[in-house]
Amino acid sequence: MEIGRLKYDVLFKKVFHKKHLLKAFLNTVLKQELSSPITDISYEPTDFIIEGKSLLVQKSKHDVIDVFCITQQKERILIELQKGYNKRALPRFLDYQCRNYSSQFRTGSNYTVVVPCYSICWFFDMKPPHKKVKETITLSSNCKKTDWHFEWKIIALYPQNIPKSHLEQQKIDQLEEWLLLDIIEDMEISQEIQQFFNTQEVKEAFETLDLSNLSEEQLRRMMFEEEITKGYSDLYEEKIQEVEKKTEKEQKLSIAKNLLSQEVNIEIIVQSTGLSKDEITALIKE
């Protein structure tokens, strides 16, 4: 029997729309960031997320869970949980975090009263250039003493970075237990590894991912999501390659102009820059 992965919207919502599971997950992820654990959460509307003008923001497949939280010490915080598949999600994560932060203000508001904001970004199948399962991106000053004191952080999670040795030696920490929801797709393996889990909520989350509990409509939706995701999987990378090619060409043209100003032979410029004679001749006519 198979279990699904959280990359599917229907399962992402099925797990994290259970308040006790979401609260346990948030307290695990933000354990180092919060002075006291979260005791209460309420789901917030996320209508603003469809208003992005950026093509990358509009085309990125996503699901976002926004929650307002109160900690044991009565601190009020805003947390946003969203998911992505590759680097093309990075500008979207930043866009949503900025909106989440600014949405608490209205015209005439007291801008000095700022609610701390955290954006938790769960990456599926992406391996960053480092080996950490958790990366924290924060807005902060490089001065020890400063008037800039804002709690504005993005927490990126990378399940693919869980060391295989941790599984083999059964030494999984609490955060890795949650991230295994993205790694394990076999029910028998899931039940086996749960024997050495310490978090009861993670065990329940695994049970929630049992595909046999889904309706045919939900399963069809998952298959549709998979096809849509594949369709846009290279969007960001293609844009990056276009920019790199354009930048490289501009650099070559700049070098060629400089060499022409020094009356360097065209053949030498061709060999040095890789530009064609026609391209260099066009520069002379400019």
Side-chain angles (χ1 to χ4, degrees), residues 6-7 9 11-54 56-58 60-84 89-124 133-141 146-158 174-175 178-179 181 201 205:
L6 289 181
K7 71 176 183 178
D9 285 356
L11 295 177
F12 188 75
K13 292 177 179 177
K14 197 174 181 184
V15 170
F16 291 123
H17 273 279
K18 293 183 177 181
K19 282 190 175 183
H20 66 292
L21 296 185
L22 179 58
K23 185 169 68 174
F25 171 73
L26 295 179
N27 278 326
T28 299
V29 176
L30 299 175
K31 186 176 181 179
Q32 296 176 332
E33 283 73 24
L34 301 179
S35 56
S36 64
I38 295 168
T39 56
D40 186 47
I41 64 173
S42 59
Y43 295 95
E44 298 291 308
T46 54
D47 295 342
F48 70 90
I49 66 175
I50 63 173
E51 299 173 3
K53 295 181 181 180
S54 165
L56 286 174
V57 171
Q58 289 178 347
S60 296
K61 190 72 178 71
H62 68 273
D63 188 61
V64 179
I65 295 177
D66 240 354
V67 289
F68 173 76
C69 305
I70 299 177
T71 69
Q72 198 173 61
Q73 295 181 356
K74 304 303 179 184
E75 182 183 19
R76 300 161 64 246
I77 58 177
L78 288 172
I79 299 177
E80 177 183 75
L81 174 61
Q82 54 182 310
K83 57 191 178 69
L90 296 176
R92 171 167 59 84
F93 288 160
L94 181 59
D95 177 75
Y96 290 174
Q97 172 69 337
C98 291
R99 292 166 186 261
N100 192 37
Y101 190 83
S102 63
S103 66
Q104 60 183 289
F105 301 116
R106 297 292 182 270
T107 303
S109 297
N110 181 1
Y111 287 87
T112 62
V113 182
V114 182
V115 177
C117 292
Y118 299 92
S119 183
I120 300 173
C121 309
W122 187 310
F123 281 101
F124 299 91
V133 297
K134 176 183 174 181
E135 179 180 11
T136 302
I137 303 92
T138 182
L139 176 67
S140 62
S141 170
T146 178
D147 289 329
W148 292 82
H149 298 292
F150 297 98
E151 287 296 322
W152 189 98
K153 294 182 180 180
I154 294 178
I155 311 293
L157 303 176
Y158 306 100
Q174 196 171 21
L175 177 57
W178 283 102
L179 298 187
L181 290 169
E201 288 84 358

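Atom set for the values below is all heavy atoms of this structure, side chains included, hydrogens, waters and symmetry mates excluded.
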*By side-chain contact (heavy atoms from CB on, under 4.5 Å), which residues pair with Thr136, not counting sequence neighbours?*
Glu33, Lys134, Lys153, Ile155
_Which residues share a side-chain hydrogen bond (donor to acceptor under 3.5 Å, both in side chains) with Lys18, sequence neighbours left out_ = Thr208
*Listed by chain and number, what are the side-chain hydrogen bond (donor to acceptor under 3.5 Å, both in side chains) partners of Ser35, not counting sequence neighbours?*
Gln73
*Are any non-hydrogen side-chain atoms of Leu81 and Leu22 less than 4.5 angstrom apart?*
yes
*Heavy-atom distance under 4.5 Å between the side chains of Glu80 and Leu78, does that happen here?*
no
*NZ/Lys19 to CG/Asp40 distance, rounded to the nearest 0.5 angstrom?*
6.0 Å
*Distance (rounded to the nearest 0.5 Å) between Gln97 CD and Cys117 SG*: 6.0 Å
*Heavy-atom closest pair, residues Cys121 and Ile154*: SG-CG2, 3.7 Å
*Side chain proximity check, Leu34 to Tyr118, heavy atoms < 4.5 angstrom*: yes
*Point-to-point distance, once rounded to the nearest 0.5 Å, from CD1 of Ile65 to CH2 of Trp122*: 11.0 Å
_My understanding is that only residues two or more places apart in sequence, or in another chain, count here; which of them pass ring pair (Phe, Tyr, Trp, His ring centres under 6.0 Å) with Phe123?_
Phe93, Tyr158
*Of all heavy-atom pairs between Val15 and Leu21, which one has the smallest distance, and what is that distance?*
O-CD1, 3.6 Å
*Tell me, please, which residues at least two apart from Ser42 pass side-chain contact (heavy atoms from CB on, under 4.5 Å).*
Glu44, Phe68
_Residue list, side-chain hydrogen bond (donor to acceptor under 3.5 Å, both in side chains) with Ser36, at least two apart or on another chain_ = Thr71
*Which residues pass the side-chain contact (heavy atoms from CB on, under 4.5 Å) test with Gln174, sequence neighbours left out?*
Thr28, Thr199
_Separation of Leu6 CG from Lys14 NZ (nearest 0.5 Å)_ = 11.5 Å
*Do Ile137 and Leu94 touch side chain to side chain, with heavy atoms closer than 4.5 Å?*
no
*Decide yes or no for Phe25 and Glu201: does some side-chain heavy atom of the first lie under 4.5 Å from some side-chain heavy atom of the second?*
no
*Measure the CZ-CD1 distance between Phe16 and Ile120 for me, rounded to the nearest 0.5 Å.*
8.5 Å
*Min side-chain heavy-atom separation Ile38-Ile77 under 4.5 Å*: yes
*Would you say Ile41 and Ile79 make side-chain contact, with heavy atoms under 4.5 Å?*
no
*Which residues pass the ring pair (Phe, Tyr, Trp, His ring centres under 6.0 Å) test with Tyr43, sequence neighbours left out?*
His17
